[in-house]
Amino acid sequence: MTSSNKRSGRPWWPRVKRIGTWVFFGLVAWLIVEQARGIDWDDVLGAFSKLPATTLALAATLVAASFVLYSTFDLLGRRMTGHPLGAGTVMGVTFVSYAFNLNLGSLVGGVAFRYRLYSRLGLDNPTITRVLGFSMLTNWFGYLVVAGAAFCFWPLELPANWKIDNGGLRVLGAVLLVLAAGYLALCALVSDKTWHIRGHAFQPPPLRMALLQMLMSCTNWCLMGGVVWLLLQRTVPYPEVVAVLLVGAVAGVITHVPAGLGVLEAVFVALLLHRLPQGQILAALIGYRVLYYLLPLAIATVSYLVMEVRARRLAASHA
């Protein structure tokens, strides 16, 4: 084969990978449908209709607090990079990205929307990458701390067929806490050094900034757990609800299912079915998805369209 043919020919691996991806999502969809057939939806809707209005209002308040708090994550990145965008603009971009991230996955929401919106606002790619990376680091740093504490001190009653028991969960929690402590130590000792990882520069923040990351992210994860706890009508201890939510969150990331659709529900049913009827669990999760996923997505969609219109007008004015 000549060099020109090599250039014109398409490699086979990307095609196989693309087909494999669609097959995977097809299998996931089939599993979700199969699980849905075994659910008594009348029971679910009946349990959902019994949720008190005050409970829904309190849960919505926690949702709003969580989104406002998460929208400040990129302000930490602004402080680290020193870019000139205003706080309101940064929070708007973060809110839109987070809402799309929850529903469509991190590559579409967390990454693509940030790059598009920030680039239209005048930030260069290296700056956007640092802001994005620092925001993701903040989010998962808090996950390490909250999950570590929950698994270590409030271990779940795991099903007998799981490959890990309560003792293993405690060990996992301790490992997560050690990793979080290691990050804090890194920030305390070598925050003035820069590492280059795959072409990207990484400089640990000062310890004070790292502690702020931990406080903000831990609070956000606890707010998310509080939403589900309220919708379960406080029938399960709060630490256990948070722990189950954290298991479901990482399961959704591992499976790459957008919005963790079906994954989060399967985790909650598997871990709480011995405590609550399946209908009550699923009713709470339906409420959670409506309040934490769908309503913010609707608001973010309108906000994104407004941002696009403003960006086009600004570009036209400078043309």
Side-chain angles (χ1 to χ4, degrees), residues 62-83 85-102 105-115 117-118 123 126-150 176-195 197-198 200-227 242 245-246 249-250 252-253 260 292 296 300:
L62 292 188
V63 169
S66 174
F67 269 84
V68 170
L69 178 57
Y70 191 96
S71 297
T72 64
F73 282 15
D74 279 18
L75 293 179
L76 300 181
R78 185 185 69 160
R79 179 65 181 270
M80 293 294 293
T81 60
H83 71 71
L85 296 181
T89 300
V90 171
M91 291 180 66
V93 171
T94 314
F95 168 76
V96 170
S97 300
Y98 184 44
F100 279 97
N101 179 23
L102 288 171
S106 60
L107 288 180
V108 176
V111 177
F113 271 82
R114 270 191 177 91
Y115 273 97
L117 292 173
Y118 276 136
L123 296 188
T127 301
I128 299 172
T129 300
R130 290 183 63 191
V131 171
L132 170 62
F134 201 71
S135 182
M136 294 175 64
L137 177 62
T138 300
N139 181 58
W140 290 107
F141 177 39
Y143 180 94
L144 292 179
V145 176
V146 177
L176 296 179
L177 289 176
V178 168
L179 291 174
Y183 175 69
L184 289 176
L186 187 71
C187 295
L189 298 175
V190 292
S191 61
D192 58 337
K193 294 185 179 180
T194 301
W195 283 272
I197 304 173
R198 294 184 178 182
H200 299 290
F202 171 71
Q203 181 178 1
L207 179 60
R208 182 178 299 181
M209 177 70 78
L211 292 173
L212 183 58
Q213 283 182 285
M214 182 175 68
L215 176 63
M216 293 169 61
S217 183
C218 288
T219 302
N220 188 55
W221 283 107
C222 290
L223 286 172
M224 294 169 64
V227 175
V242 173
L245 178 67
L246 295 169
V250 76
V253 172
Y292 206 89

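For this chain, numbers begin at 1 and follow the sequence in order.
- Between Val93 and Phe113, the closest side-chain pair of non-hydrogen atoms is not below 4.5 Å.
- Expressed to the nearest 0.5 Å, how far CH2 of Trp140 lies from CD of Gln213 amounts to 15.0 Å.
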Go through the steps for Leu76 and Met216 under the test side-chain contact (heavy atoms from CB on, under 4.5 Å), then give the verdict. CA-CA 10 Å; Leu76 300 181; Met216 293 169 61; 3.8 Å; yes

Residue pair Val68, Phe95: steps toward the side-chain contact (heavy atoms from CB on, under 4.5 Å) verdict: CA-CA 8 Å; Val68 170; Phe95 168 76; over 6 Å; no

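- Heavy-atom minimum distance, Leu62 versus Gly226: CD1-C, 3.7 Å.
- Rounding to the nearest 0.5 angstrom, the gap separating the CD1 atom in Ile128 from the CZ atom in Arg130 is 13.0 Å.
- If you check the side chains of Thr129 and Tyr115, you find a donor sitting under 3.5 Å from an acceptor.
- Tyr70 and Phe67 have their aromatic ring centers separated by at least 6.0 angstrom.
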If you look only at distance, which donor and acceptor atoms sit under 3.5 Å apart when one is on a side chain in residues 141-149 and the other is two or more places apart or in another chain?
residue : atom : partner : partner atom : Å
Tyr143  : OH   : Leu246  : O            : 2.8

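- Of the possible donor and acceptor atoms, one in the side chain of Ser217 sits under 3.5 Å from a partner among the backbone N and O of Thr138.
- Taking the side chain as every heavy atom from C-beta outward, Asp74 and Tyr118 approach each other to under 4.5 Å.
- Contact annotation: the side chain of Met80 never approaches that of Val131 to less than 4.5 Å [non-hydrogen atoms, C-beta and beyond].
- Taking 4.5 Å as the limit, some side-chain heavy atom of Val90 sits within range of a side-chain heavy atom of His83.
- Within the 4.5 Å cutoff, the side chain of Pro205 has heavy atoms near those of the Tyr183 side chain.
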Evaluation steps, side-chain contact (heavy atoms from CB on, under 4.5 Å), between Arg114 and Ser135: CA-CA 11 Å; Arg114 270 191 177 91; Ser135 182; 3.2 Å; yes

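- Although no hydrogens or angles enter the test, the distance criterion places a donor-acceptor pair under 3.5 Å between the side chain of Thr81 and the main chain of Gly77.
- Note that CE of Met91 and CG of Leu85 are 14.0 Å apart. Values are rounded to the nearest 0.5 Å.
- Residues passing the side chain to side chain contact (heavy atoms under 4.5 Å, CB included) test with Thr219, sequence neighbours excluded: Leu69, Leu215, Leu223.
- Atom OG of Ser66 sits about 2.5 Å away from atom OH of Tyr292, to the nearest 0.5 Å.
- Atom CZ of residue Arg78 and atom OG1 of residue Thr72 lie 11.0 Å apart, to the nearest 0.5 angstrom.
- Leu189 meets the side chain to side chain contact (heavy atoms under 4.5 Å, CB included) test with no other residue; sequence neighbours excluded.
- Remark: Asn101 CG to Thr94 OG1 distance equals 11.5 Å, nearest 0.5 Å.
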